[in-house]
> 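Questions regarding the structure given below will be posed in turn.
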Amino acid sequence: MSRILLIEDHERLAGLICKGLAAAGVAVDVVSRVDAAWAAIQRLSYQAMILDRGLPDGDGLILLQRLRKAGLGLPCLVLTARDALHDRVEGLDAGADDYLPKPFAMDEMVARVRALLRRPVVLSALDPSYGDLTLRTDTGVLWCGDKSAPLSPAEMQMMVLFLRSGPDVVRRTALESAAWGLSEAVTPNALDVALHRIRRKLLVIGSKQKIVNVRGHGYALHEQDAAQ
């Protein structure tokens, strides 16, 4: 299932958008602030985002400009009550892929999101890599040299976080959020099962990297010696 990020501070509208997209098979994480959206994008791998302009901590275009300057080509649909021509031009110039003024028909919004999800991410950041590992996020395949292993969507999201964090510790809650979103309920042992599967795949492809448990803190990638 595709997962997108919705940045919208109007609670009722956000709920309606989530409901409409869920019916179309699209999972949605919702945040209401620019800073929360930036943090979510650093932690998770989304296929697109829906961005409101009038947010409590500033214009949503601030976030969009920051993403584009960082080379992140996450497809973006801007929703806003500002429907003047210069507002639309401003949004597109900031890096928006599409622009939909409020009020809008839910069917049209869903259709526009589907179109974004079909669009290749031309400016996407390089596939995350660390040590001898590289993850192809377009195919969900983890590579070590010429050996590879396919990852489930949850496993891929976890490996994105691990590879971007390098040797730094990743907290259990961050891994759960990465794998199953910010709001989805997670069974107590779901993360342990997913970690076990990833560890097995690392062994199969012959990686020197292993996932270690840093007791009381979380998990981290650790390069094992060739002699081990």
Side-chain angles (χ1 to χ4, degrees), residues 1-5 25-29 38-49 67 70-75 116-184 186-215 217-228:
M1 176 182 285
S2 299
R3 181 175 293 278
I4 70 170
L5 181 64
V26 179
V28 185
D29 286 341
W38 177 257
I41 291 169
Q42 299 308 297
R43 292 165 54 190
L44 309 180
S45 180
Y46 294 102
Q47 285 71 57
M49 70 176 179
L67 291 174
L72 298 175
L74 186 66
L116 287 185
L117 292 174
R118 293 193 297 268
R119 186 174 301 181
V121 184
V122 178
L123 299 176
S124 178
L126 296 175
D127 291 327
S129 62
Y130 178 73
D132 56 7
L133 295 171
T134 298
L135 176 61
R136 288 292 305 274
T137 55
D138 57 340
T139 59
V141 176
L142 183 65
W143 288 86
C144 178
D146 60 356
K147 296 182 179 180
S148 65
L151 303 180
S152 70
E155 292 166 357
M156 187 187 78
Q157 296 284 4
M158 292 168 63
M159 280 308 304
V160 167
L161 190 53
F162 274 127
L163 295 175
R164 287 178 177 172
S165 300
D168 296 335
V169 175
V170 181
R171 294 192 175 276
R172 187 179 182 92
T173 53
L175 287 168
E176 289 176 339
S177 295
W180 295 284
L182 300 177
S183 57
E184 186 173 335
V186 182
T187 57
N189 66 338
L191 181 64
D192 298 315
V193 171
L195 285 170
H196 175 70
R197 289 175 177 167
I198 294 174
R199 285 171 170 140
R200 288 178 58 187
K201 292 177 181 181
L202 291 175
L203 289 173
V204 168
I205 62 178
S207 175
K208 293 182 180 179
Q209 299 296 326
K210 63 178 181 179
I211 298 172
V212 298
N213 183 356
V214 183
R215 191 172 298 277
H217 295 281
Y219 301 86
L221 286 177
H222 175 79
E223 184 171 328
Q224 54 189 344
D225 298 331
Q228 288 183 315

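We number each residue from 1, following the sequence as shown.
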> Closest heavy-atom contact between Ala40 and Tyr46?
O-CE1, 3.8 Å
> Would you compute the distance between atom NE2 of His222 and atom CG of Asn213 and round it to the nearest 0.5 angstrom?
13.5 Å
> With a 4.5 Å limit on heavy-atom distance, are the side chains of Thr137 and Pro128 in contact?
yes
> Compare every heavy atom of Ala220 with every heavy atom of Val169, then report the nearest pair and how far apart it is.
CA-CB, 4.0 Å
> Taking salt bridge (charged side-chain N to carboxylate O under 4.0 Å, His left out) as the test, write out the residues that go with Arg172, two or more places apart.
Glu176, Asp192
> Taking atom CG of Leu161 and atom CD of Gln42, what is their separation to the nearest 0.5 Å?
10.5 Å
> Dump the intermediate steps for side-chain contact (heavy atoms from CB on, under 4.5 Å) on Leu151 and Leu135, then the final yes or no.
CA-CA 9 Å; Leu151 303 180; Leu135 176 61; 3.7 Å; yes
> Over all heavy atoms of both residues, which pair between Trp180 and Ala154 is shortest? Give the atoms and the distance, please.
NE1-CB, 4.0 Å
> Are any side-chain N or O atoms of Gln47 and backbone N or O atoms of Ile4, one a donor and one an acceptor, separated by less than 3.5 Å?
no
> Side chains of residues 200-207: which donor-acceptor pairs under 3.5 Å do they make with residues two or more places apart or in other chains?
from   : atom 1 : to     : atom 2 : distance (Å)
Lys201 : NZ     : Pro150 : O      : 2.9
Lys201 : NZ     : Glu155 : OE1    : 2.6
Ser207 : OG     : Asp132 : OD1    : 2.8
Ser207 : OG     : Gln209 : N      : 2.9

> Specify the closest pair of heavy atoms between Pro167 and Tyr130, including all atoms of both residues, with the distance to one decimal.
CD-OH, 3.4 Å
> Sequence neighbours excluded, which residues qualify as salt bridge (charged side-chain N to carboxylate O under 4.0 Å, His left out) partners of Arg136?
Asp127, Asp138
> What is the distance from atom CG of Leu67 to atom CD1 of Ile41, rounded to the nearest 0.5 Å?
4.5 Å
> So how far is it from Ile211 CD1 to Met158 CE, rounded to the nearest 0.5 Å?
6.5 Å
> List the atom of Met156, the atom of Gly140, and the distance in Å for their closest heavy-atom pair.
SD-CA, 3.6 Å
> Which distance, rounded to the nearest 0.5 Å, do you find between the CD1 of Ile198 and the OG of Ser152?
7.0 Å
> If every non-hydrogen atom of Leu133 is compared with every non-hydrogen atom of Met159, which pair is closest and at what distance?
CD1-CE, 4.2 Å
> Checking Leu221 against Val170 for the side-chain contact (heavy atoms from CB on, under 4.5 Å) test, could you report, in this order, the C-alpha distance in whole Å, the side-chain angles of both residues, the deciding distance, and whether it holds?
CA-CA 9 Å; Leu221 286 177; Val170 181; over 6 Å; no
